There are 2 protein chains.
Amino acid sequence: MPVDFTAETHMPGHYFSRIARAMARIGDSRLKPLGFATAQLPVLTALRDGSARSQGELARWAKVEQPTMAQLLARMERGGIVRREPDPRDRRSSLVSLTEEARAKLPAGRKVLEEGNRDATAGLSEAEVATLVGLMQRVLANLDALEA
Amino acid sequence: MPVDFTAETHMPGHYFSRIARAMARIGDSRLKPLGFATAQLPVLTALRDGSARSQGELARWAKVEQPTMAQLLARMERGGIVRREPDPRDRRSSLVSLTEEARAKLPAGRKVLEEGNRDATAGLSEAEVATLVGLMQRVLANLDALEA
DNA sequence: ACATTAAACATAGGATGCTATTCAATGCCC
DNA sequence: GGGCATTGAATAGCATCCTATGTTTAATGT
């Protein structure tokens, strides 16, 4: 006997988009006083120990394409968040690292983001959040396989 | 006794973004031969019965801001997907409807999108998909409440 | 050593999304 | 009816993401 699934159950795609946008809007508005943005977090996290990485490494880490990372880094450089110095080993490349000011504000930024994630999952038990993440990891694996 | 949760469990936000982007990339590439795009689907769905709606109605339906919908409709008009005619009841507004060609291709487009959603949730049981959607609806309710 | 391939960036151009602002038409209130 | 708030769009400006393409430097193979 077939069950009556709603259209939404067959088309979960739009939910991912709406949630991603809403979390970015909320995160960006809360991070604005610190001078950060949601999209910058992977970069900040990758460099938080003071290390320096190439643009390509950061793009692979953040799972965005290289030109996207190039633009993001340009904005971050303009905002005084990162600094670039030529890579002595490879003249094609430069090494990106955080400025002192960015490193100082970073813990506050991460706290804001964590709180946003907590707010988003309010009312869900730890087990339910784990279930949600587990299902999303399987969906992501499907999509990665499709694009490979 | 505290459990050792990974950073990902505490920060599910990035998953939503990655899944949304991957689904949009895949959907767009598959819809391209039909002349459609993923972002257009809510508009196509709203107008599929031949009805005509104002830009504001479509923006609220698709859950995007009015200028976003204005640009989307401009591209769709340029692509011959929608048509605008002045609203006889309100001179500020125009009524948007689908062209014949778009209505003809619409069922094929919806099929492509449904298949994309099926591919994304491959390996998940119907019950698991329902669980995923249910959890996402609760997250979305949290976010809507935060922004209200 | 030199030609070829590969890797790292840069640039161009476009799609989606947002906020802030402005303009025009409508509606409402007294 | 006249003033005022509201509503529907348009515009400007920007952030994020993408694909496609070019340029420069490095690495490789013969």
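Note that the structure is a prediction, hence the values are computed from the model and not measured. In what follows, chains are A, B, ... by sequence order, proteins preceding strands, each numbered from 1.
- A/Thr68 contributes no side-chain N or O that, together with a main-chain N or O of A/Val64, makes up a donor-acceptor pair within less than 3.5 Å.
- Overall, the helix from C/dA1-D/dT30 to C/dC30-D/dG1 carries an axis bend of 10° between its ends, with five pairs at each end and the value rounded to 10°.
- Salt bridge status for B/Asp90 with B/Arg92: present, with a side-chain N to carboxylate O gap under 4.0 Å.
- One atom, CZ of B/Arg84, and another, P of D/dG8, lie 15 Å apart when rounded to the nearest Å.
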Collect all protein-nucleotide pairs involving nucleotides 19-25 of chain D in which both atoms are nitrogen or oxygen and the distance is under 3.5 Å.
from, atom 1, to, atom 2, distance (Å)
D/dT25, O2, A/Arg92, NH1, 3.0

Check the pair B/Asp28, B/Thr38 against side-chain hydrogen bond (donor to acceptor under 3.5 Å, both in side chains), reporting the backbone distance first and the verdict last.
CA-CA 6 Å; B/Asp28 283 349; B/Thr38 305; 2.8 Å; yes
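- From the 5' end on, the contacts that DNA chain C makes with chain B at under 4.0 Å to a non-hydrogen atom open and close at C/dA15 to C/dT26.
- Positionally, the nearest nucleotide of DNA chain C for A/Ser94 lies more toward the 5' end than for the other of A/Ser17 and A/Ser94.
- Summarising the geometry of B/Pro33 relative to B/Ser29, their closest heavy-atom pair is CD-O, 3.6 Å, with the distance given to 0.1 Å.
- Between A/Arg103 and A/Arg48, the shortest heavy-atom distance links the atoms NE-O, 4.0 Å.
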Dump the intermediate steps for side-chain contact (heavy atoms from CB on, under 4.5 Å) on B/Leu143 and A/Met23, then the final yes or no.
CA-CA 7 Å; B/Leu143 295 169; A/Met23 291 192 72; 3.8 Å; yes
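- The backbone N or O of B/Gly80 lies less than 3.5 Å from a partner atom in the side chain of B/Thr99, making a donor-acceptor pair.
- Of all non-hydrogen atoms in B/Ser51 and B/Ala46, the two that sit nearest each other are OG-O, 3.5 Å.
- Contact check on B/Arg83 versus B/Glu77 returns no salt bridge, with no Lys/Arg side-chain nitrogen under 4.0 Å from an Asp/Glu carboxylate oxygen.
- Smallest separation of non-hydrogen atoms from B/Ala37 and B/Leu31: C-CD1, 3.6 Å.
- What you find for A/Pro12 and B/Thr121 is that their closest heavy atoms are CG-CG2, 4.2 Å.
- The stretch residues 137-148 of chain B participates, sequence neighbours left out, in these salt bridge (Lys or Arg N to Asp or Glu O under 4.0 Å) pairs: A/Arg18-B/Asp144, A/Arg25-B/Glu147, A/Glu128-B/Arg138.
- A heavy atom lying under 4.0 Å from DNA chain D marks the following residues of residues 27-61 of chain A, by number: A/Ala37, A/Ala39.
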side-chain contact (heavy atoms from CB on, under 4.5 Å) between B/Val129 and A/Leu135: does it pass, once the steps are laid out?
CA-CA 8 Å; B/Val129 174; A/Leu135 290 169; over 6 Å; no
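- Contacts of residues 75-83 of chain B with DNA chain C (heavy atom under 4.0 Å): B/Arg75, B/Arg78.
- Cluster annotation: A/Leu132 is connected to B/Leu124 through the hydrophobic network of ILVMFWY side chains, with a link wherever side-chain heavy atoms come within less than 4.5 Å.
- Side-chain atoms of B/Trp61 do not come within 3.5 Å of backbone N or O of B/Val43 as any donor-acceptor pair.
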